[in-house]
Chemist: 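First the structure, then my questions, so here it is.
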Amino acid sequence: MADLDLDSSFIPALYKPAALLPITKHRESLLYLIETHPVTIVVGQTGSGKTTQIPQFLEKAGWCAGGKIIAVTQPRRVAATTVALRVAEEIGCEIGKEVGYSIRFEDVTSASTRIKFLTDGLLIREALVDPLLSRYSVIMVDEAHERSISSDILLGLLKKIRKRRPELRIVVSSATLQADQFLRFFTEDGGYEGPPGGDAGAIGSIISLEGRTYPIDVLYLASPAEDYVEKAVSTVFDIHTTEPKGDILVFLTGREVIDSAIEAVSERVSRLPPKSQALLPLPLYAGLSTEQQMYVFDEAPENTRKVIFSTNISEASVTINGIVYVVDCGFVKLRTYDPKTGIETLTATPVSKASAAQRAGRAGRTQPGKCFRLYTEDAFQSLPEANVPEIQRSNLAPFILQLKALGIDNVLRFDFLTPPPAELMVKALELLYSLGALDEYAKLTRPLGMRMAELAVEPMMAKALLSAPGFGCLSEVLTIAAMTSLGGNVWVQHDGEKRKTESSKRKFAAEEGDHLTLLNVYQAFVTKGRKESRFCRDNSLNFKALTRAVSIRTQLKRYLERFGVIVDESLTAPPAENKAEQIRRCLTTGYFAHAARMQPDGTFRNVSGDTVLHAHPSSLMFNRRADWVIFHEVFDTGSKIFVRDISKIEKNWLLQYAPDFYQTKSG
DNA sequence: GAGCACTGC
C-alpha cells in the first residue's frame with residue numbers, strides 16, 4: 001500500500017488536542033520510570049497517544065542534551081512518516097528539523113533533529129556503522145508485540161548494547177499484554193556474557209496507559225460454519241438488512257476468496273427489495289494497483305453501504321474510516337519456511353486471540369461497533385494467544401548474515417526474545433557457507449560476505465550481483481535484482497482485461513526466461529513509461545512498483561560504487577553477443593541451490609528429484625519448454641509447489657559455479 | 001491451462 005498518508009489522515013485520535021489524551025496524566029510517572037530504569041515497557045492501548053507523546057515528553061525533559069537523539073522505531077514505513085509529520089505539527093516545526101524521519105530511500109532529518117522516527121530495519125542497519133547506536137539517548141521500539149523479525153533482532157541488539165551503555169534508555173511499547181515477556185527478556189541474564197542481571201525491578205518496569213476507543217459488541221456463531229465465505233456473505237446481508245447505517249469490513253484470507261465473495265454479493269444484491277439501501281462490495285488486498293485500492297477510502301454514494309472484503313492488510317497496515325461492523329472469518333494466511341526443503345508454505349491458519357482482538361478493534365474507531373466472529377466462542381477460547389513469531393518460521397539467512405556483519409559471531413547463542421529452531425539456524429548457515437559468505441569456521445568472509453550483508457537484497461541475489469562484474473553484465477543484473485525485489489507486483493490485471501495482460505506480457509517476453517523479460521520491461525519503462533502515464537496502463541504494468549524498482553536499483557548501484565565496483569552504464573557500447581548467456585551464468589552463481597529440470601509433462605523436478613515443482617502461471621515458463629532452469633522463488637500454496645521468476649541454464653553451469661554444493665549433494 | 005497473506009533494508 002503506498003498511500004498511507006491516507007491512513008493517518010483518517011485516524012481521528014490524531015486530531016485530538018494532546019492535553020486530552022489519556023497519556024497526559026501519566027507524564028510524570030513515565031518520566032520518573034524512564035529516568036530511574038534502563039528499560040521501560042509501555043502497555044498502551046490504541047488511542048493512548050504513546051507514539052506521539054512519549055518522545056515529546058522525553059525531549060522536553062532534557063533527554064536531547066548534548067545533541068543526543070530520541071529514536072522511535074516502527075515496523076512500517078508509512079507509520080514512521082505519518083507519526084513524524086503529526087509530531088512535527090504538534091511541536092510546530094518543519095518536518096526534518098527538530099522532528100524528522102528516516103526510511104529506505106528517504107532521510108528527512110538534519111543536524112537539528114532531536115526526535116527521529118524510523119523503521120526498525122533501518123536502525124539495525126545504522127548499527128553496522130555505529131555499533132553502540134551512540135547518537136541516541138533513548139530508543140523506543142514501538143509495536144514490539146507484532147514480533148516482526150526486525151524488531152525481535154533489534155531488541156536482542158539493544159539488550160547487548162545496554163551492557164556497554166548503561167546510560168541508554170530503552171522503551172518497549174506494546175499494545176497487548178506481552179509486557180511480562182519483554183521485561184523478563186531484559187532483566188534475565190543472557191547466560192554466558194556479562195555480570196548477572198541483578199535486581200529485575202531496578203532494570204525494568206511496566207506502565208499501562210489506558211486507551212480511548214468505543215465499545216465493541218462481539219458476537220459468535222452458535223455452531224461452526226461449514227463454509228466461511230458463504231457465511232461471511234450471508235452475515236453481510238443480515239447486517240445490511242437489520243443493522244443501522246455504517247460500513248462493513250470483512251476479513252478473509254486471500255484474493256481468490258475475496259473475489260468470489262464479491263461475486264456472491266453482487267449476485268444477491270439484485271434480490272434486495274427495491275428502494276432499500278444499496279450495498280457496494282469492494283476488494284482490498286496488496287496485489288491491487290493503487291487506483292484499485294483507492295476506492296475503499298472513498299465515501300459511499302448516497303443511500304449506499306460499503307462492504308470491504310479485505311485480507312490481513314486491514315488488520316494493522318491500513319485504516320479505513322467509517323467502519324462500524326467487522327466480520328472476522330477467523331483465519332489468516334501465514335508463511336512458514338520449511339528448513340528441510342527450503343520451501344515456503346502459505347496456508348490459512350486460525351487467527352490468534354491477539355489478531356481477533358485487533359480485527360474487532362477496527363469496528364470501534366469512530367463510534368460504538370459490532371464484531372461478528374464466524375466461529376464459536378469455544379473455538380475462540382481454544383485459539384493461541386499470539387501467532388508464532390516470524391523469527392521462528394522464516395528463512396533466516398538474511399538475518400544471520402546481518403548479525404555476522406554486526407560482529408556477532410556466535411549467532412547460535414545470540415540472545416533472541418524467542419530463539420528460532422536450530423534447524424532454521426543451521427539451514428541459514430549452510431546456505432551462507434555455500435554462497436561463500438561464511439568460511440568453514442562460519443566466520444564472515446571479506447570482502448564477499450561483508451558486502452553481501454550490506455546489499456539490501458537477499459543473499460542469493462547479493463552473490464549474483466557481486467559476481468556480475470566478472471561476467472560483464474553488472475548493469476543488467478542490477479536491474480534484475482531491483483525487479484525481482486518487487487515480488488511479483490510488476491504486472492497488474494484490470495477488471496476483465498486478462499487477455500490484455502497476457503498479450504502485453506508476450507510483448508516483453510525473452511526466450512531465455514523471466515529474468516531477461518524483467519530486464520526488457522525495466523528498460524522500456526525507463527525509456528518510455530516514466531514520462532508517459534499511459535504506458536503502464538496500456539501495458540498492464542504497475543507504475544508504483546516500477547518506480548520503486550528505479551529507486552532500488554539506484555540504491556544498489558550506490559552500494560556497489562562504495563565498494564569500489566565501477567558500474568558501466570554506457571549505452572554506446574554494443575551489447576556483447578553472448579550477453580544473455582552471461583547474465584544467466586551470473587545468476588547461476590547465486591541461485592544454484594534453486595535449480596530444477598523440466599520433465600516431459602511440463603512440470604519440474606528439483607535436483608534431488610524428490611519434489612515436483614510447477615511453473616507459476618505468471619511465469620513465461622508456464623507454457624514453454626525448457627531443460628534445466630534456475631528460479632528466484634519457490635512457494636507452496638497448499639495445492640501445488642510453484643516456482644517463479646525462472647530462467648533457462650545449462651546443467652554444467654551448476655557444476656562449474658557450485659562444485660562443492662553439488663558434490664556434497666551427490667555424496 | 002491457471003494463480004502469493006503482509007512487511008522491511
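Here is the naming used below: chain letters follow the sequence lines, and residue numbers restart at 1 for every chain.
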Chemist: Check every strand shown and say whether A/Glu390 touches a base, only sugar-phosphate, or nothing at a heavy-atom separation below 4.0 Å.
Modeler: nothing
Chemist: Starting the side chain at C-beta, find the nucleotide from B/dG3, B/dT7, B/dA5 nearest to A/Gln493.
Modeler: B/dG3
Chemist: Among B/dC9, B/dG3, B/dA5, which nucleotide has an atom closest to any side-chain atom of A/Leu346?
Modeler: B/dA5
Chemist: When we call it a touch if two heavy atoms are under 4.0 Å apart, what does A/Phe622 touch: a base, just sugar-phosphate, or nothing?
Modeler: base
Chemist: Go through B/dC6, B/dG3, B/dA5 for me and flag the one nearest to the A/Arg255 side chain.
Modeler: B/dA5
Chemist: What residues form a ring pair (Phe, Tyr, Trp, His ring centres under 6.0 Å) with A/Phe380, not counting sequence neighbours?
Modeler: A/Tyr220
Chemist: Using a cut-off of 4.0 Å on non-hydrogen atoms, how would the nucleic acid contact of A/Thr637 be classed: base, sugar-phosphate, or nothing?
Modeler: sugar-phosphate
Chemist: When the ring centroid of A/Tyr591 is compared with that of A/His632, is the distance short of 6.0 Å?
Modeler: yes
Chemist: Would you call A/Gln293 and A/Leu284 a side-chain contact if the rule is heavy atoms closer than 4.5 Å?
Modeler: yes
Chemist: Find which nucleotide of DNA chain B each of A/Ser618 and A/Arg125 is nearest to by heavy atoms, and output the residue with the more 5' nucleotide.
Modeler: A/Ser618
Chemist: Can you sort out the partners of A/Phe416 under ring pair (Phe, Tyr, Trp, His ring centres under 6.0 Å), two or more places apart, ordered by chain and number?
Modeler: A/Phe414
Chemist: Rounded to the nearest Å, what distance is computed from the CZ atom of residue A/Arg548 to the C1' atom of nucleotide B/dT7?
Modeler: 10 Å
Chemist: For A/Thr119, report the nucleic acid contact type (base, sugar-phosphate, nothing); a contact means any heavy atom under 4.0 Å.
Modeler: sugar-phosphate
Chemist: Heavy atoms from C-beta onward define the side chain here; which of B/dC6, B/dG3, B/dC9 lies closest to that of A/Lys498?
Modeler: B/dG3
Chemist: Within this structure, what is the CD-to-P distance between A/Gln358 and B/dC6, rounded to whole angstrom?
Modeler: 16 Å
Chemist: Need one value for A/Asn312: base, sugar-phosphate or nothing, where a base atom within 4.0 Å counts as base even if backbone is also close, heavy atoms only.
Modeler: nothing
Chemist: Judged by each residue's nearest nucleotide on DNA chain B, which is more toward the 5′ side, A/Asp120 or A/Val332?
Modeler: A/Val332
Chemist: Send over the distance from A/Arg147 CZ to B/dT7 C1', rounded to a whole Å.
Modeler: 16 Å
